[in-house]
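Accompanying notes for the structure given below.
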Amino acid sequence: MIRGVRGATTVEANKEQEILTHTNKLIVDMIQQNKIQADDVASVFISATEDLDDTFPAKALRQVEGWTYVPVMCMREIPVPNSLEKCIRVMIHFNTEQKQNEVHHLYHNRAVQLRPDLVRREQED
C-alpha cells in the first residue's frame, strides 16, 4: 500500500541555510518516526510559500544519506490571503503496511497551527 505522510515547518528568515536546516530536520523526523526506507519511497513533494526564494528546500533531501535516487519535486504554494508565511510543506509517498491512522504526520514551529488535531494526536501516541 502506498501512503502519504505530511509534514510542515516554518522559518524566521528567507535565508538558504535556515531553509535547508529546518527542511532537513523535518524530513529526518518524518523518516525516523515512520521508519521509512529510501527504497520504499515513490516520490517526495516539497512546497514553499512565495516569501521563500533564497534556495530550493528540496536540496535538503539530498543531505539525507541514501536518498540520492529518490524522486523529489519542489513547488510553490498557492498564495492564499492570510495563510501561514515562510512555510515549507513536505509530502512523502511510501510503501508501507501501516494503516492510515498509524502514519505520523509532523508539524514543526509555527506550522503546528496547520493541523492542531494531528499534533495533539501525535503527542498522545
Side-chain angles (χ1 to χ4, degrees):
M1 171 67 69
I2 292 181
R3 299 274 186 218
V5 58
R6 294 182 308 187
T9 189
T10 56
V11 296
E12 294 301 316
N14 182 28
K15 300 290 183 193
E16 179 176 11
Q17 193 55 53
E18 186 175 354
I19 292 167
L20 294 178
T21 298
H22 285 265
T23 305
N24 181 271
K25 180 175 177 11
L26 175 64
I27 290 169
V28 169
D29 283 353
M30 293 170 72
I31 291 167
Q32 290 175 346
Q33 289 200 28
N34 289 285
K35 299 177 178 66
I36 301 172
Q37 301 296 316
D39 284 341
D40 292 332
V41 176
S43 61
V44 179
F45 294 160
I46 302 176
S47 67
T49 50
E50 285 189 311
D51 48 9
L52 298 178
D53 62 4
D54 202 43
T55 190
F56 292 103
K59 286 173 56 177
L61 183 71
R62 299 300 173 219
Q63 298 171 349
V64 180
E65 187 175 339
W67 285 63
T68 301
Y69 299 107
V70 172
V72 61
M73 182 173 285
C74 203
M75 61 200 74
R76 179 155 288 164
E77 277 291 323
I78 299 169
V80 175
N82 303 313
S83 61
L84 184 60
E85 296 178 345
K86 296 184 180 72
C87 185
I88 300 155
R89 292 175 174 87
V90 176
M91 173 77 78
I92 301 174
H93 302 100
F94 68 111
N95 292 310
T96 182
E97 297 299 320
Q98 295 179 53
K99 295 179 182 170
Q100 195 75 2
N101 66 347
E102 295 173 336
V103 175
H104 297 278
H105 304 282
L106 295 160
Y107 296 88
H108 292 180
N109 305 313
R110 290 180 292 115
V112 298
Q113 68 186 324
L114 295 173
R115 289 298 305 264
D117 56 321
L118 293 180
V119 173
R120 280 193 295 276
R121 191 199 84 166
E122 295 301 323
Q123 291 172 350
E124 292 169 2
D125 288 348

From Met75 atom CE to Ile46 atom CD1, the distance as rounded to the nearest 0.5 Å: 8.5 Å
Ile19 with Val28, same ILVMFWY side-chain cluster at under 4.5 Å: yes
Any side-chain donor near an acceptor of the partner, Glu77 and Ser47, under 3.5 Å: yes
Ile31-Phe94 co-clustered via ILVMFWY side chain contacts under 4.5 Å: yes
Intermediate values then yes/no, side chain to side chain contact (heavy atoms under 4.5 Å, CB included), Arg76 and Glu50: CA-CA 6 Å; Arg76 179 155 288 164; Glu50 285 189 311; 3.3 Å; yes
Verdict with supporting geometry, His108 and Asp29, side chain to side chain contact (heavy atoms under 4.5 Å, CB included): CA-CA 10 Å; His108 292 180; Asp29 283 353; 2.9 Å; yes
Smallest separation among heavy atoms of Lys86 and Arg110, with atom names: CB-NH2, 4.1 Å
Gap between atom CD1 of Ile88 and atom CD of Glu18 - 0.5 Å precision: 8.5 Å
From Thr10 atom OG1 to Leu52 atom CG, the distance as rounded to the nearest 0.5 Å: 9.5 Å
Closest non-hydrogen atom pair between Leu84 and Thr49, with its separation: O-CG2, 3.5 Å
Name each donor-acceptor pair under 3.5 Å that joins a side chain in residues 57-68 to protein atoms two or more places apart or in another chain, with its distance.
{"from": "Lys59", "atom 1": "NZ", "to": "Glu16", "atom 2": "OE2", "distance (Å)": "2.8"}
{"from": "Arg62", "atom 1": "NH1", "to": "Trp67", "atom 2": "O", "distance (Å)": "2.8"}
{"from": "Arg62", "atom 1": "NH1", "to": "Thr68", "atom 2": "O", "distance (Å)": "3.1"}
{"from": "Arg62", "atom 1": "NH1", "to": "Val70", "atom 2": "O", "distance (Å)": "3.2"}
{"from": "Arg62", "atom 1": "NH2", "to": "Val70", "atom 2": "O", "distance (Å)": "3.0"}
{"from": "Gln63", "atom 1": "OE1", "to": "Asn24", "atom 2": "ND2", "distance (Å)": "3.4"}

Passing option when Leu114 is tested against Arg6, His105, Arg89 for side chain to side chain contact (heavy atoms under 4.5 Å, CB included): Arg89
Close side-chain approach of Ile36 to Ile92, heavy-atom, < 4.5 Å: yes
Pairwise side-chain contact, Leu26 with Met30, heavy-atom cut-off 4.5 Å (strictly under): yes
For the student: nearest non-hydrogen atoms of Cys87 and Ala8, plus distance: SG-CB, 4.4 Å
Identified side chain to side chain donor-acceptor pair (under 3.5 Å) partner of Asn14 from the options Asp51, Asp54, Asp53: Asp53
Glu85 CD: over 12 foreign heavy atoms closer than 6.0 Å: no
Side-chain donor or acceptor of Asn109 paired with backbone N/O of Thr9 under 3.5 Å: no
Test item: Glu97 and Glu102 side chains (from C-beta on) under 4.5 Å apart, heavy atoms: no
Interatomic distance, Lys15 atom NZ to Thr21 atom OG1 [nearest 0.5 angstrom]: 14.0 Å
Summary of ring-ring contact (aromatic ring centres under 6.0 Å, His included) pairs that have at least one residue in residues 14-45, sequence neighbours excluded: Phe45-His93
Check: Val103 main-chain N/O paired with Arg3 side-chain donor or acceptor under 3.5 Å: no
Flag side-chain contact, heavy atom, 4.5 Å: Val90 against Val44: yes
Flag if over 12 foreign heavy atoms under 6.0 Å of OH, Tyr107: yes
